[in-house]
Each structure stands twice: as C-alpha cells, then as structure tokens.
Amino acid sequence: QVQLVESGGGLGQAGGSLRLSCAASGRTLSGYPMAWFRQAPGKERDLVAGINWNDGSTYYAISVKGRFTIYRDNAKQTEYLQMNSQKPEDTAVYYCAFKRRRYSGYDDWGQGTQGHGSS
C-alpha cells in the first residue's frame, strides 16, 4: 500500500504564496507522485497540475498556469506544488495523486490539505 502525506496548507492572502508537499512511502515500487488535484466547496475535483510520465514535462490547468509550479524530488519520493500569486478562487482542498506505473491511472490519493487564497 502506498501512503501519501500532504503538508504545507494554510492561510494565504491574495497575492501570497504557499508550497504544498506530498511525501510517498510504503510500497511505492517504481511509481511516483504525478499530479495535484483540488476540490473547492460545491465544485467537482479538478486537475491542477501534473507531470508527464513519458518525458517529465509539466502541465497545468488554465486557471493556475503561470502562477503554480509542480516539481518532484524523485529520490525522496516527494512532490511539491508551489502556489504563487494566490487568488480567492484557489481556496480548496488539494490532493496529491500517485501513479504506480506508466499505464495505470491515478492509483493512490492523499487525504488532502487545505489551501487558502482569500482576498
């Protein structure tokens, strides 16, 4: 079983910054944390940022592109989401997603950490 522990959430004013982390442990084998999702109150879960398995390129939701950065420390099995220039719309619970192998979906999820982007 893969354990994903998210941290770094908290209060952030508009224009402020937060960095979320996701540490993977357990039977990670050859898998890695690959993406961040978020879910705001009354809304569906949305993909925020991800890392392409094939080439390591990153991709982002339009709403966060240019403000957020996803990156990973492969040796430490830790994924980060740097959130800059926060907006009120960024307030949500953020979830780390883990992919066990190339052709799998998102197999494991963290419990979520609260991010705030208040005005």
Sequence neighbours left out, what pairs pass side-chain hydrogen bond (donor to acceptor under 3.5 Å, both in side chains) with at least one residue falling in residues 22-32?
-> none

Below 4.5 Å, heavy atoms only, C-beta onward: do [X] and [Y] meet side chain to side chain?
X     : Y      : result
Tyr60 : Ile70  : yes
Phe37 : Tyr106 : yes
Glu6  : Trp109 : no

So ring-ring contact (aromatic ring centres under 6.0 Å, His included) across residues 70-95, not counting sequence neighbours, yields Tyr71-Tyr80

Residue pair [X] / [Y]: nearest heavy atoms and the distance that separates them:
X     : Y      : answer
Asn52 : Tyr59  : N-CE2, 3.8 Å
Leu47 : Ala49  : CD1-O, 3.6 Å
Lys99 : Arg101 : CG-O, 3.0 Å

Residues two or more places apart in sequence or in another chain: which of them pass side-chain hydrogen bond (donor to acceptor under 3.5 Å, both in side chains) with [X]?
X     : result
Gln3  : Gln1
Ser21 : Ser7
Gln82 : Asn84

In Å, rounded to the nearest 0.5 Å, how long is the span from CZ of Arg19 to OG1 of Thr69?
-> 12.0 Å

Nearest-0.5 Å distance that lies between atom OG1 in Thr91 and atom CZ in Arg38 = 9.0 Å

Does anything in residues 45-58 pair up under salt bridge (Lys or Arg N to Asp or Glu O under 4.0 Å), and if so which pairs, sequence neighbours excluded?
-> none

Please, which pairs that meet salt bridge (Lys or Arg N to Asp or Glu O under 4.0 Å) have at least one residue in residues 57-85, sequence neighbours excluded?
-> Arg67-Asp90

What residues form a salt bridge (charged side-chain N to carboxylate O under 4.0 Å, His left out) with Arg100, not counting sequence neighbours?
-> Asp108

Determine yes or no for a side-chain-to-main-chain donor-acceptor pair under 3.5 angstrom, with Gln114 supplying the side chain and Ala92 the backbone.
-> yes

Do side-chain atoms of Gln77 reach the backbone of Ala23 as a donor and acceptor pair under 3.5 angstrom?
-> no

Not counting sequence neighbours, list each pair that qualifies as a disulfide bond (SG atoms under 2.5 Å apart) and has a residue in residues 63-98.
-> Cys22-Cys96

Do any pairs count as a disulfide bond (SG atoms under 2.5 Å apart) and have a residue in residues 25-88, sequence neighbours left out, and if so which ones?
-> none

Give me the other members of the hydrophobic cluster that Val5 sits in, counting Ile, Leu, Val, Met, Phe, Trp and Tyr linked by side-chain heavy atoms under 4.5 Å, directly or via other members.
-> none

Co-members of Leu4 in a cluster of I, L, V, M, F, W and Y side chains, linked at under 4.5 Å | Val2, Phe98

Got more than 12 heavy atoms from elsewhere within 6.0 Å of CD, Gln39?
-> yes

Chi angles and distances behind the side chain to side chain contact (heavy atoms under 4.5 Å, CB included) call for Thr113, Val93 | CA-CA 5 Å; Thr113 185; Val93 177; over 6 Å; no

